[in-house]
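A, B, ... follow the sequence lines: proteins, then strands. Residue 1 opens every chain.
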Amino acid sequence: MTIETKEIEITTVVQTAIEEHGASREGLIPILSEINRAFGHIPAEALQEVNRQMNLPENQIYVSEGQLFSIASFYHMFSTQPLGKHVVRFCESAPCHVVGGRQLLQAVMDHLQIDPNETTLDKEWSLVTTSCLGICGVGPVLLVDEDVYGNVTPDQVPEILARYN
Amino acid sequence: MPYYRTHVLVCIDPECLEKGALAFIDALQDELVAQGLIDEVQVLETSRIGACANGPEMMIYPDGVHYAGMTLDDIPTLVTEHFLKGKIIEEFTRPVRSFVDEELGPPKKKEVRVVLRNCGVIDPENIEDYIAEDGYLALAKVIEEMTPEEVIEEIKASGLRGRGGAGFSAGLKWQFARQATGEPKYLICNADEGDPGAFMNRRVLEGDPHSVLEGMIIAAYAIGASRGFVYCRAEYPKAVKTFNIAIQQARELGLLGENILNSGFNFDLEVRIGAGAFVCGEETALIASIEGRRGEPRTRPPFPASKGLWGKPTNNNNVETYANVPQIILKGAEWFSSMGTEKSKGTKTFAIAGDVKNTGLIEVPLGITLREVIYDVGGGIKDDKGFKAAQIGGPMGGCLPEKYLDRQIDYESLVEVGAIMGSGGLVIMDEETCMVDIARYFMDFTQDESCGKCVPCRIGTRRLLEILERICDGQGRDGDIELLENLCRQIQTASLCGLGQGAPNPVVSTLEQFRDEYEAHIYEKRCPAKVCRSLISFNILEGVCNGCTVCARNCPVDAISGERRQVHHIDQETCIRCGICAQVCNFHAIEVVS
């Protein structure tokens with residue numbers, strides 16, 4: 001995508017999100033969620049755009065870019081950095097930890113050749129650790145993009161990840 | 001209501017629809033009319049019976065027969081043979097797909113299901129299913145027969161305490177919010193279930209959303225709230241979807257919104273989705289997050305009951321607390337308080353995980369012993385190993401050793417021994433678990449989730465983690481135990497919110513119950529449970545190894561050498577102690593020493 005089309009897209013995404021959730025402080029987190037969903041992360045330009053579109057006299061609200069960034073960087077589900085095309089989320093909570101989670105994480109790291117919170121050089125994969133996904137009955141658990149995999153063993157990793165190529 | 005002796009459930013999934021499921025249903029109805037059975041056999045639509053490869057698929061109850069692959073021409077035979085003569089037509093039968101719910105099985109011995117009673121039993125996306133189980137009867141009773149004060153008195157008399165962890169009396173909380181001055185008043189349901197291993201609230205929201213919704217409407221009536229929020233974590237998309245459907249259905253029936261049940265009482269609510277911050281389970285942080293700010297806690301008082309959302313009186317309870325309310329109103333405070341101990345009434349759900357045979361959700365009366373939970377309900381320790389500890393209460397909880405197995409589970413008795421009730425996470429650990437490693441693990445979690453607002457929590461948990469890491473790494477120093485104890489005390493005393501005040505608990509309780517393990521790590525450079533990598537080594541047993549070469553082929557760093565049919569050898573300098581060799585060895589020839 002060219003830089004120009006990206007700008008247009010950001011403007012539209014921000015506009016639609018503000019229209020849906022309202023130009024108010026309580027709408028900020030839903031608005032940032034929409035942006036994060038649309039781009040896979042929250043680009044700095046999008047925060048500028050929210051700041052520009054929201055701080056109009058008729059809205060009676062002022063939210064600085066700094067405040068916006070402080071919210072965007074606070075919540076784990078938001079990323080202020082671009083992530084890879086596919087994101088592997090690894091549940092690092094205790095129930096998964098005690099049923100082989102550690103070996104599974106090692107297998108994913110070995111396979112992708114990256115550490116947690118890193119992205120591969122070809123921008124295909126990001127590995128992110130996440131807090132409990134609440135599906136502890138089938139741990140250890142991997143989330144690849146939106147797909148949940150339970151009872152995963154280290155030797156299944158190459159086969160699971162190959163489905164996304 | 002007509003009574004049918006037989007029910008036919010025909011699958012109307014897209015694949016079955018394509019194969020003519022609707023035409024099949026019509027033709028079946030016609031044939032039943034023709035043969036005079038239409039008042040005895042009911043045809044219903046359903047989804048997901050089987051693979052849908054030979055649609056239309058159908059199930060027949062009470063016979064429990066699964067048919068597939070019939071065409072319109074087979075319908076007369078089906079009606080005559082099966083429904084009239086009661087004979088199963090073998091050529092169309094298919095195996096009945098058995099579905100095992102790995103999270104919530106049928107109630108086991110000693111379980112009492114109040115909150116989970118409808119989960120997995122009713123269709124959560126159909127309000128009529130809930131109404132058939134006496135749903136919204138409690139709301140009607142409250143609105144028709146009771147004043148708000150009477151509702152509060154009933155909840156107080158029941159002894160219901162907050163199921164989110166702290167265990168404050170729900171009735172008192174409601175009373176404070178009712179008496180507080182300020183309009184409008186708000187109601188919040190805390191569904192930001194973040195404790196690792198705890199997923200009972202998710203199951204209730206997904207399996208019985210209307211019980212929570214009804215509990216919230218009753219609470220709103222009692223405190224005089226007009227607007228409510230369910231704050232649900234983003235990791236639970238299905239719960240959000242199910243709850244939104246429930247809200248929609250309740251609105252359509254006039255159970256939510258304006259003029260509820262023609263009483264003049266107005267209350268409406270919406271679901272707010274979190275964005276992944278554990279600390280937002282703390283009520284003041286949760287409120288900040290709904291307001292659109294960073295989810296950071298603030299000092300209390302003022303408590304949310306007097307100054308909450310947008311500075312207005314706000315009542316905040318957890319999912320499980322609200323789910324108890326309709327049952328208490330219907331069956332009475334006396335029924336509820338007949339279960340439990342003197343100060344802890346009713347039941348509690350727990351999510352059992354770890355080294356226990358039956359993992360998953362359970363609901364037991366309070367006052368049950370830990371031993372009953374682990375051995376009678378949980379089926380005992382996996383692989384019949386020895387019990388070492390139960391971690392109860394989540395990241396702010398504690399580890400209880402064997403000597404406390406016969407303690408009754410209630411709010412006070414858990415606090416006495418250094419644990420907390422928490423939201424109901426229960427991780428069972430066998431003898432092969434290293435308690436220092438567990439403390440390190442929990443500290444890793446809390447320092448990660450610390451919001452960073454106050455220094456004791458932000459920096460203190462970091463320092464605790466560093467000390468624990470070096471102990472596990474074999475670099476522990478004389479004086480580390482005392483340093484840990486001192487630091488824990490300071491963090492507990494000086495932190496702003498429950499997360500910081502509770503963060504040292506896993507360290508405090510393991511130090512108290514398993515001090516010898518810490519000492520072994522620090523002074524003998526030994527990990528008794530043989531878990532901490534820097535303190536263990538792998539050895540091949542000469543008399544057992546038959547030289548099959550499996551270990552050498554699987555070693556990621558080629559640290560194992562040896563000829564085929566010769567005893568192999570591990571080079572300790574190269575070995576990274578990953579343990580793969582021990583996992584792949586079929587002859588148990590690899591021992592771990594520490």
Side-chain angles (χ1 to χ4, degrees), chain A residues 21-22 24-34 36-37 42 54 61 63 67-79 89 91-103 106-107 110 128-139 141 143 146 148 150-151 153-155, chain B residues 101-104 193-203 233-237 239 272-278 280 289-296 310 351-355 359-361 391 394-395 425 427-430 433 437-438 441-442 444-445 448-449 451-452 556 578-580 583:
Chain A
H21 301 286
S24 63
R25 189 173 266 281
E26 71 172 290
L28 279 182
I29 291 173
I31 290 168
L32 293 180
S33 294
E34 301 272 356
N36 197 66
R37 194 173 311 136
I42 301 179
M54 197 169 249
I61 173 180
V63 190
Q67 285 174 321
L68 285 170
F69 182 78
S70 94
I71 297 169
S73 58
F74 182 82
Y75 294 96
H76 295 312
M77 299 296 266
F78 299 153
S79 173
R89 290 195 158 79
C91 176
E92 55 173 356
S93 66
C96 285
H97 184 78
V98 297
V99 291
R102 199 159 50 169
Q103 289 87 338
Q106 191 62 49
D110 289 348
V128 180
T129 53
T130 163
S131 50
C132 184
L133 297 167
I135 27 185
C136 319
V138 293
V141 174
L143 195 64
E146 310 263 288
V148 178
N151 292 323
T153 54
D155 54 312
Chain B
D101 188 335
E102 294 191 57
E103 289 179 349
L104 181 67
E193 180 176 57
D195 280 7
F199 53 91
M200 55 286 288
N201 291 349
R202 173 174 66 77
R203 270 312 287 251
R233 65 198 295 246
E235 288 87 343
Y236 290 175
R272 280 299 170 88
I273 305 166
F278 176 76
C280 285
S289 185
I290 292 182
E291 291 175 351
R293 300 166 200 278
R294 282 165 72 94
E296 288 176 350
W310 297 292
I352 314 189
D355 304 317
T359 56
L361 283 189
Q391 208 284 344
V427 184
I428 309 299
M429 295 174 274
D430 70 14
T433 316
D437 179 59
I438 290 295
Y441 166 78
F442 278 108
D444 189 35
F445 177 84
D448 207 31
E449 297 293 349
C451 77
C578 64
I580 289 178
Q583 277 171 24

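Only the side chain of B/Q583 comes within contact range of chain A, judged by heavy atoms closer than 4.5 Å. Both the backbone and the side chain of B/A275 have a heavy atom closer than 4.5 Å to some heavy atom of chain A. Of the atoms belonging to A/E92, heavy atoms from both backbone and side chain fall under 4.5 Å from chain B. In this structure, the portions of B/D448 lying under 4.5 Å from any heavy atom of chain A include both its backbone and its side chain. Using a 4.5 Å cut-off between heavy atoms, B/R203 makes no contact with chain A at all. With a threshold of 4.5 angstrom between heavy atoms, B/C451 approaches chain A through its backbone and through its side chain. Of the two parts of A/N151, only the side chain, counted from C-beta on, holds a non-hydrogen atom closer than 4.5 Å to a non-hydrogen atom of chain B. For chain B, no part of A/R89 is nearby; none of its heavy atoms comes within less than 4.5 Å. Proximity to chain B involves both the backbone and the side chain of A/I135, based on heavy atoms less than 4.5 angstrom apart. Using a 4.5 Å cut-off between heavy atoms, B/R202 contacts chain A through its side chain alone, with no backbone atom that close. For a residue to count as touching a neighbouring chain, one of its non-hydrogen atoms must lie under 4.5 Å from one of that chain's; by this rule B/T433 does not touch chain A. Proximity to chain A (any heavy atom under 4.5 Å) is restricted, for B/E291, to the backbone atoms N, CA, C and O.
Between A/F78 and A/I29 the shortest side-chain heavy-atom distance falls below 4.5 Å. The closest side-chain heavy-atom distance from B/P395 to B/Y441 is not below 4.5 Å. Contact of the B/F199 side chain with the A/L133 side chain is not registered, since no non-hydrogen atoms from C-beta on lie closer than 4.5 Å. Within the 4.5 Å cutoff, side-chain heavy atoms of A/L28 are placed close to those of A/I71.
Heavy-atom minimum distance, B/P196 versus A/S93: CB-CB, 3.3 Å. When every heavy atom of A/P30 is checked against every heavy atom of A/H21, the shortest pair comes out as CB-ND1, 3.4 Å.
Between chain A and the options B/S289, B/A353, B/G360, B/G295, heavy-atom pairs under 4.5 Å are most frequent for B/G295. Counting heavy-atom pairs closer than 4.5 Å to chain A, the top-ranked of the candidates B/R294, B/R293, B/Q391 is B/R294. The candidate from B/R233, B/E296, B/E103, B/E193 with the greatest count of non-hydrogen atom pairs under 4.5 Å with chain A is B/R233.
Of the charged side-chain nitrogens involved, at least one lies within less than 4.0 Å of a carboxylate oxygen, so that B/R272 and A/E26 count as a salt-bridged pair.
Side-chain N or O atoms of B/D355 include one that pairs as donor or acceptor with a backbone N or O of B/D430 at under 3.5 Å.
Inspection of the A/Y75 and A/S33 side chains reveals no N or O donor paired with an N or O acceptor under 3.5 Å.
From B/C280, atom SG reaches atom CD1 of B/I290 across 9.5 Å, with rounding to the nearest 0.5 Å.
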